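What you are looking at is a predicted structure, and each value in this text was computed from that prediction instead of being measured. Throughout, protein chains are lettered first and strands after them, A, B, ... in sequence-line order, and every chain is numbered starting at 1.
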2 protein chains.
Amino acid sequence: MANRCETCAVRHRSLCGALEQKEVERLSQISRRTTIPAGKAIVAEGDKAVFVANILSGTVKLTRSLEDGRRQIVGLQFPSDFLGRPFRTHWSVQAEAVSEVELCQFDRKQFEQMITDFPTLEQRLLARVLDELDRIREWLFIVGRKTAAERVASLLVMIADREHDAGCGSSLHETVVFDLPISRSEMADCLGLTIETVSRQMSQLTAQGAIDLRNSRSVHIPDLQRLRRIGGLAVDPAAI
Amino acid sequence: MANRCETCAVRHRSLCGALEQKEVERLSQISRRTTIPAGKAIVAEGDKAVFVANILSGTVKLTRSLEDGRRQIVGLQFPSDFLGRPFRTHWSVQAEAVSEVELCQFDRKQFEQMITDFPTLEQRLLARVLDELDRIREWLFIVGRKTAAERVASLLVMIADREHDAGCGSSLHETVVFDLPISRSEMADCLGLTIETVSRQMSQLTAQGAIDLRNSRSVHIPDLQRLRRIGGLAVDPAAI
DNA sequence: CGATCCATTGAGCTTGTTCAAGCAAGGTGG
DNA sequence: CCACCTTGCTTGAACAAGCTCAATGGATCG
C-alpha cells in the first residue's frame with residue numbers, strides 16, 4: 001500500500017490537501033488507518049498524546065466532565081477534521097466516537113517533525129485551529145446567553161451547515177434534509193441543557209413548522225433562514 | 001528607536017520570545033506601539049483585520065453580542081497575550097480595552113510574512129492558539145454545566161492564576177491577594193449570569209470565608225485550593 | 001412477546017432572572 | 001465644606017425558565 005492517500009475520501013478537504021506529491025508520500029508512510037466502533041472512547045481526559053489523526057468518516061465528540069456525571073460536549077468533529085494536540089503531551093478532553101469512526105492516524109512526534117519540515121502543513125493546521133477557535137467562541141456565546149429554543153435551533157443550523165458544507169452560498173429559504181449524527185442526550189450535552197428540555201424544544205419547533213421530524217433522528221428543515229432567525233443567528237451563512 | 005524590543009516588558013513571555021536577535025530586529029521594525037484608553041473598543045465584530053498585536057499592559061475582553069443587548073465575553077486577555085487573527089481578513093469578535101491597554105501592533109500582512117519566514121514564530125503561535133482552545137473549552141464547560149456559585153469561584157481562580165502566573169507550582173493552601181481587572185457586569189458577561197447573581201455569589205463566598213473583599217475590586221483569597229474545590233475544579237494547578 | 005433503549009410528555013420545584021429599592025464612594029458646583 | 005449627582009454594587013421579593021422526577025410511548029432486538 002504505497003500511497004493510499006491517493007484514494008482518500010477527504011484528501012483535499014483535510015490538512016493533507018496542502019501537500020505536494022512528495023510530501024504526501026512521506027506522510028502516507030507514517031499513517032495508519034483505524035476504525036473505532038460507535039460509542040467507544042478514542043482517548044480519555046489526561047491520556048498521553050501518542051497520536052494525532054484526520055477523521056475519514058463518522059462523528060467524534062470531545063467532552064469534559066465532572067465526577068458527578070455532569071458532562072459538556074466541547075467539540076463535534078466531522079470527516080476531514082483534524083483530531084489531536086501537536087506539541088502537547090496529554091489530552092485535555094475525552095474524545096469519543098459518536099458513530100463508527102475511521103481515522104487516519106499519525107504518530108504525534110513524527111507528525112510534529114512533518115510540521116516542522118513542511119511549513120505549508122503547519123500554516124494549514126494553524127488556520128484550522130483558528131477556525132475552531134472561532135466556532136467554539138460562537139458556541140460559548142450560544143450556551144452562555146441564549147434561551148433553550150435558540151440553542152436548539154442554533155445547533156440544528158450548525159449541524160445542517162456542516163453536514164453539507166460543500167455548497168455554502170446557496171439560495172435563501174433553502175430546504176435541508178439530514179440525519180442527526182447525535183442523540184438527544186448528546187444534543188443536551190452540547191447545549192448545556194437536559195434531555196427533556198431539548199425534547200420539548202424539538203417538539204415546539206415541530207409544532208411551529210420550523211422543522212419536520214420523520215423519526216427522531218431525521219430532520220427536515222423547510223426553511224433554513226427561518227431556523228437561523230429562531231436561533232438568533234446572523235442570516236448570512238458566510239458569517240460562520 | 002532602533003530596537004525597543006530590548007526593553008519590552010513582556011518580551012520573553014510573548015510570542016517574540018521565540019526569536020533570535022536578528023529576527024527580533026526585523027519584527028521591531030514593523031512594530032508600532034499604541035495606547036487605548038479604558039473602555040474603548042479596539043476593534044468591532046466584522047472589522048477588517050489590518051493588524052495583530054501583543055498586549056504589553058492592561059486587560060482586553062473579546063465579546064460577542066446580540067442586538068437586544070445580550071453579551072458574552074468569549075476571551076479575556078492579559079499582558080504578553082497575542083491579539084489578532086493572522087490569515088483572516090475580518091474580526092469575528094469585538095475586542096475592547098477593559099483597563100487602559102498598551103499594544104505592540106504589527107501590520108497583519110507583514111506579520112504573516114514573518115510567520116512564513118520564521119517557523120519558530122509560527123510554532124510558538126500555534127502552541128498559543130492551542131492553549132487558548134484548551135482554555136475556552138474549559139470555559140464552555142463551566143458556563144454550560146456549572147452552578148452560579150461554581151462559576152464565580154472558577155472565574156476568581158482563573159483570574160488569580162493568570163494574574164500571578166509566574167510561580168505556578170506554589171504551595172498548597174496558598175494565600176492570594178489581587179485586584180479584579182473586571183467589573184461585576186463583566187464577570188456576569190464572562191459567566192453567562194446577571195450582575196445580581198454574581199453579586200449574590202460574591203457575598204456568599206464572603207460569608208463562607210472563601211474570599212475576603214476589601215472593596216468590590218480587591219480580592220483576598222485565604223485558601224486557593226478551597227476556592228478551587230468550591231468551583232469544582234481540579235485541585236492540581238498544573239491541570240490548566 | 002417481553003425487554004431494552006430512547007424519546008416524549010406532564011407536574012411540581014429550584015435556580016437564577018427581573019424589577020425595584022437602597023447604599024457607598026467619588027466627583028462637582030455653590 | 002456640604003448638598004447633590006452619578007456610577008457601580010448589593011439586597012429583597014416575585015416570577016419564570018429550565019430542571020427533576022415520574023410515567024408513558026415507540027422502536028428494535030433477541
Side-chain angles (χ1 to χ4, degrees), chain A residues 37-39 61 66 68-72 98-99 142-156 179-208 211-220 230-232, chain B residues 37-39 61 66 68-73 98-99 142-156 179-208 211-219 230-232:
Chain A
K61 64 177 174 186
L66 237 43
D68 63 14
R70 281 180 283 176
R71 183 206 316 278
Q72 175 74 36
V98 171
S99 56
I142 290 171
V143 170
R145 287 303 187 195
K146 292 196 180 179
T147 64
E150 289 168 330
R151 290 189 217 186
V152 171
S154 298
L155 179 62
L156 292 176
D179 271 356
L180 278 175
I182 55 178
S183 67
R184 294 291 183 274
S185 153
E186 286 161 332
M187 291 176 72
D189 286 342
C190 277
L191 298 169
L193 297 171
T194 57
I195 292 188
E196 294 93 330
T197 301
V198 171
S199 183
R200 279 184 248 274
Q201 297 305 330
M202 291 291 280
S203 300
Q204 198 176 317
L205 286 173
T206 304
Q208 294 173 234
I211 62 174
D212 189 22
L213 296 175
R214 185 169 307 272
N215 63 57
S216 67
R217 290 291 189 116
S218 158
V219 183
H220 173 212
I230 294 174
Chain B
K61 63 177 174 185
L66 239 42
D68 64 13
R70 281 180 282 176
R71 184 206 316 278
Q72 175 73 37
I73 292 179
V98 171
S99 57
I142 290 171
V143 170
R145 289 303 187 195
K146 293 198 179 175
T147 64
E150 288 168 332
R151 291 189 217 187
V152 171
S154 298
L155 180 62
L156 292 176
D179 271 357
L180 276 175
I182 56 178
S183 67
R184 294 290 182 272
S185 154
E186 286 161 332
M187 291 176 71
D189 286 341
C190 276
L191 298 170
L193 296 171
T194 56
I195 291 188
E196 294 92 332
T197 300
V198 170
S199 182
R200 277 183 249 275
Q201 296 305 331
M202 292 291 282
S203 300
Q204 198 176 316
L205 285 173
T206 305
Q208 292 171 235
I211 62 174
D212 190 21
L213 297 175
R214 183 169 308 272
N215 63 54
S216 67
R217 290 292 188 115
S218 156
V219 183
I230 293 174

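- Within the nucleic acid shown, A/S199 comes within 4.0 Å of at least one base atom, counting heavy atoms only.
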Steps toward side-chain contact (heavy atoms from CB on, under 4.5 Å) verdict (A/M202, A/L156) = CA-CA 10 Å; A/M202 291 291 280; A/L156 292 176; 4.0 Å; yes
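- Rounded to whole Å, the distance from CG on A/L205 to C1' on C/dT8 is 15 Å.
- Close to D/dC19, at under 4.0 Å from its OP1 or OP2, lies a side-chain N or O of A/T197.
- When the side-chain nitrogen and oxygen atoms of B/S203 are compared with OP1 and OP2 of D/dT10, none of them lie within a distance under 4.0 Å.
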Could you write out each protein N or O paired with an N or O of nucleotides 15-17 of chain D at a distance under 3.5 Å?
none

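- Counting any heavy atom pair closer than 4.0 Å across all strands shown, B/L193 reaches sugar-phosphate atoms only and no base atom.
- Rounding to whole angstrom units, CZ of residue A/R70 and P of C/dT15 are separated by 12 Å.
- B/R151 CZ to B/I142 CD1: the interatomic distance, rounded to the nearest 0.5 Å, is 9.5 Å.
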Under the side-chain contact (heavy atoms from CB on, under 4.5 Å) criterion, do A/R200 and A/V152 qualify, and how do the steps go?
-> CA-CA 10 Å; A/R200 279 184 248 274; A/V152 171; over 6 Å; no
Kindly determine whether B/R145 and A/L66 satisfy side-chain contact (heavy atoms from CB on, under 4.5 Å), including the steps that lead there.
-> CA-CA 9 Å; B/R145 289 303 187 195; A/L66 237 43; over 6 Å; no
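- Here the side chains of B/E186 and B/L180 are not in contact, with every heavy-atom distance at 4.5 Å or above.
- Looking at residues two or more places apart in sequence or on another chain, you find no salt bridge (charged side-chain N to carboxylate O under 4.0 Å, His left out) involving A/R184.
- When each of A/S183 and B/R151 is assigned the nucleotide of DNA chain C bearing its nearest heavy atom, the one mapping closer to the 5' terminus is A/S183.
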Under-3.5 Å N/O pairs linking protein and nucleotides 21-27 of chain D:
residue : atom : partner : partner atom : Å
D/dC21  : N4   : A/E196  : OE2          : 3.1

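- Whole-Å rounding puts the B/N215 CG to C/dA24 P distance at 14 Å.
- A/D212 CG to A/L205 CG: the interatomic distance, rounded to the nearest 0.5 Å, is 11.5 Å.
- Following rounding to the nearest Å, A/K146 (NZ) and C/dT17 (P) show an atom-to-atom distance of 18 Å.
- Distance, A/I195 CD1 to C/dT9 P: 14 Å, rounded to whole Å.
- If you take CG of A/L180 and C1' of C/dT8, they are 15 Å apart, rounded to a whole angstrom.
- Distance check, rounded to the nearest 0.5 Å: CZ of B/R217 to CG of B/D179 gives 8.5 Å.
- Looking at heavy atoms from C-beta onward, A/E150 lies in side-chain contact with B/R70 at the 4.5 angstrom threshold.
- Here C/dA7 presents its P atom at 6 Å from CZ of A/R217, a figure rounded to the nearest Å.
- The distance between atom CG of B/L213 and atom P of C/dA24, rounded to the nearest whole Å, is 15 Å.
- Side-chain nitrogen and oxygen atoms of B/T194 include none within less than 4.0 Å of the OP1 or OP2 phosphate oxygen of C/dG16.
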